[in-house]
Amino acid sequence: SGRYENATLTDLGISMTSADDCVDCPEGAFCSTGAAEPTACSPGTVQPAVQQPTCNKCEAGKFMNESGKLECHECDAGSYCEAGASAPLPCAAGSFSSERGLGSIAQCSACPAGSSCSTGSLSHTPCSPGTVQPDPGEARCARCDAGEYQGGEGQTACLTCSAGHY
């Protein structure tokens, strides 16, 4: 394995008589035993070496979205890549990450109370005046109810309007 049939000899009608007649499998591909031609590594896998019988899965924190490549890309900020990933997956709503190379969704940080985080967020966004978020790990801030207000940003609770005000 790691080598394939020499097509030039086959095309000329010359019989292959030994393993020396085989051709080394190129980088970015693999050749199983008896292969007639190399097979490109599929997305999520790579092969940086020649004469290999298999491709290697991208390690957690990396991905490869093309076939026949030699090395994996680092996972983007705001996303994570499990082992063998062919594309980054976004951090879920209610979480964020400004770091690259995360290998699991558990590595995305929970959005802190007083802020919101949409899917794939690189950072948390403080709640704007008039909205609050008392709980961590939430995607949206909530408006204050009638008779309540919040003048600051990044707050976790609304304040009650004083008598005679609304």
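Since the structure is predicted, the reported quantities are computational estimates derived from the model, not experimental observations.
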Quick one: closest heavy-atom pair of [X] and [Y], and the distance?
X	Y	result
Y149	C161	CD2-SG, 3.9 Å
T156	G114	CG2-N, 3.7 Å
A139	S116	O-CB, 3.2 Å
C117	S123	SG-O, 4.4 Å

Where the side chain of [X] meets the backbone of [Y], is there a donor-acceptor pair that is under 3.5 Å apart?
X	Y	answer
Q155	A157	no
Q52	T54	no
Q150	G152	yes
Q107	S104	yes

- Note on the structure: The side chain to side chain contact (heavy atoms under 4.5 Å, CB included) partners of P43 (sequence neighbours excluded) come to S67, S86
Can you tell me how far apart [atom1] ([X]) and [atom2] ([Y]) are? Round to the nearest 0.5 Å.
X	Y	atom1	atom2	value
I105	S79	CD1	OG	11.0 Å
E138	S95	CD	OG	11.5 Å
S42	M64	OG	CE	11.0 Å
L70	Q47	CG	CD	8.5 Å
C111	R140	SG	CZ	12.0 Å
K69	C58	NZ	SG	12.5 Å

- E99 atom CD, neighbour heavy-atom count above 12 within 6.0 Å: no
- Is it possible for you to say whether L89 and L102 belong to one hydrophobic cluster, with membership spreading through side-chain heavy-atom contacts below 4.5 Å? yes
- Message: Holding to ring-ring contact (aromatic ring centres under 6.0 Å, His included), I want the full list of residues that pass it with F96, two or more places apart in sequence or in another chain.
- Response: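 By the ring-ring contact (aromatic ring centres under 6.0 Å, His included) rule, F96 matches H124.
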- Note on the structure: Sorted by chain and residue number, the ring-ring contact (aromatic ring centres under 6.0 Å, His included) partners of F63 (sequence neighbours excluded) come out as H73
- Message: Less than 4.0 angstrom from a charged side-chain N to a carboxylate O is my criterion; do R100 and E74 meet it?
- Response: yes
Decide yes or no for [X] and [Y]: does some side-chain heavy atom of the first lie under 4.5 Å from some side-chain heavy atom of the second?
X	Y	result
S115	T125	no
D24	C31	no
P38	P26	yes

- Item | For E153, the option from S128, P129, C141 that meets side chain to side chain contact (heavy atoms under 4.5 Å, CB included) | P129
- Query: Is the gap between the SG atoms of C91 and C108 under 2.5 Å?
  - Reply: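 Taking the criterion (SG atoms under 2.5 Å apart), C108 and C91 satisfy it, so yes.
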- Message: Under 2.5 Å between the SG atoms: is that true for C55 and C41?
- Response: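 Yes, the SG atoms sit under 2.5 Å apart.
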